[in-house]
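Just below is one structure, and these are the notes that go with it.
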Amino acid sequence: MAGSDTTAQASADRPAPDTVKILIAGGFGVGKTTMVGSVSEIVPLRTEEPLTMAGLDVDDLEGVEEKRATTVALDFGRISVSDDLVLYLFGTPGQQRFWFMWNDLAVGALGAVVLVDVRRPKSSFAAIDFFERRGIPFVIAVNGFYGEHPYPVEDIRDALALPEGVPVLLCDARERDSCRDVLIALIDRLIAEAAPAL
């Protein structure tokens, strides 16, 4: 009993961890829901709904014809990077008709991951533009569908017309360690950009 009292007291004495809001963004069907689900230490909140015939004239399924559901509001997950740092992950909806929600989701976000599907790079241009215009630091995570990465990082950087300072990482949205490494790279960028102001 005394041991549990000591543990409870140690927990009470420890300061609450810092929390950072991160957006996981990108085009329709690039793997945002998969990434949040893969890396989250809690059961993620999902707002997926089935794709229906009513959306055929609105949603562009080119390249993702097998997709059966889509995020209509957000995905939410959490990961503890260390004892004193917790990331809250907010996955954005990818379809253009839901982009109006991005402004609300971006409030308070310190950084973002832009997921890219190299089979459809144009689907990520809007997300890149969104964060550049708002001055929100981001990293590019190239999701290797079927575990494949057919293009080198520099070719992807050139195709997306990215500034040199934006990290480009190859990842697999299905793999927890891969997604964690992307988030750590984003945190490193946030720390590096904050350092001159300290």
Side-chain angles (χ1 to χ4, degrees), residues 22-41 44-48 51 59-79 81 87-96 98-99 102 105-106 109 111-132 136-163 165-190:
I22 300 296
L23 294 189
I24 310 297
F28 181 51
V30 297
K32 300 178 295 294
T33 298
T34 301
M35 181 177 187
V36 172
S38 295
V39 78
S40 180
E41 65 195 17
L45 168 70
R46 292 188 170 132
T47 60
E48 282 196 307
L51 291 168
D59 301 324
D60 180 9
L61 297 179
E62 185 177 351
V64 287
E65 293 83 1
E66 72 285 356
K67 192 166 173 61
R68 297 290 174 257
T70 187
T71 299
V72 296
L74 60 93
D75 300 305
F76 175 77
R78 183 188 74 203
I79 179 172
V81 177
L87 306 184
Y88 290 138
L89 309 175
F90 290 79
T92 64
Q95 293 155 285
Q96 187 170 355
F98 297 126
W99 285 355
W102 288 28
L105 290 172
V113 173
V114 176
L115 273 175
V116 172
D117 177 354
V118 292
R119 303 169 304 176
R120 302 174 298 119
K122 286 193 287 190
S123 69
S124 297
F125 288 158
I128 292 169
D129 183 62
F130 180 88
F131 296 115
E132 285 182 337
I136 297 175
F138 63 94
V139 299
I140 297 292
V142 182
N143 188 13
F145 284 83
Y146 312 110
E148 298 174 359
H149 286 289
Y151 305 105
V153 164
E154 286 311 312
D155 288 356
I156 295 167
R157 177 183 300 284
D158 291 344
L160 297 175
L162 294 170
V166 177
V168 178
L169 303 111
L170 304 179
C171 76
D172 186 332
R174 303 167 300 176
E175 299 293 334
R176 177 180 173 82
D177 288 351
S178 181
C179 297
R180 183 204 57 211
D181 290 347
V182 169
L183 293 170
I184 290 172
L186 175 60
I187 294 301
D188 287 345
R189 180 175 188 196
L190 296 177

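Predicted model, so just to flag it, every value in this text is computed and none were measured.
- Separation of atoms CG (Leu89) and OG (Ser40) is listed at 6.5 Å; rounding is to 0.5 Å.
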Run Val114 and Ile140 through side chain to side chain contact (heavy atoms under 4.5 Å, CB included) and show every step you take. CA-CA 5 Å; Val114 176; Ile140 297 292; 3.8 Å; yes
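- Remark: of the listed residues Asp75, Ile79, Ile22, Val113, Asp75 is the sole one forming a side chain to side chain contact (heavy atoms under 4.5 Å, CB included) with Val36.
- Just one residue in the list Val39, Asp188, Val139, Val81 forms a side chain to side chain contact (heavy atoms under 4.5 Å, CB included) with Leu183, and that residue is Val39.
- Distance alone, capped at 3.5 Å, is enough to place a donor-acceptor pair between the Arg157 side chain and the Pro163 backbone.
- For the atom pair CG (Leu160) and NZ (Lys122), the distance works out to 12.5 Å, reported to the nearest 0.5 Å.
- In this structure, CG in Leu162 is found 10.0 Å from CD in Glu154, a value given to the nearest 0.5 Å.
- Considering CD1 of Ile24 and OG1 of Thr34, their distance stands at 12.0 Å, rounded to 0.5 Å.
- Distance CZ/Arg119 to OH/Tyr151: 11.0 Å, rounded to 0.5 Å.
- Phe90 pairs by the ring-ring contact (aromatic ring centres under 6.0 Å, His included) definition with Phe76, not counting sequence neighbours.
- In this structure a side-chain-to-backbone donor-acceptor pair under 3.5 Å is missing from Arg120 to Gly27.
- Separating the CZ atom in Phe130 from the CG atom in Leu105 is a distance of 8.0 Å, to the nearest 0.5 Å.
- A donor-acceptor pair is defined here as one N or O able to donate and one able to accept, closer than 3.5 Å; no such pair exists between the side chain of Ser178 and the backbone of Ala173.
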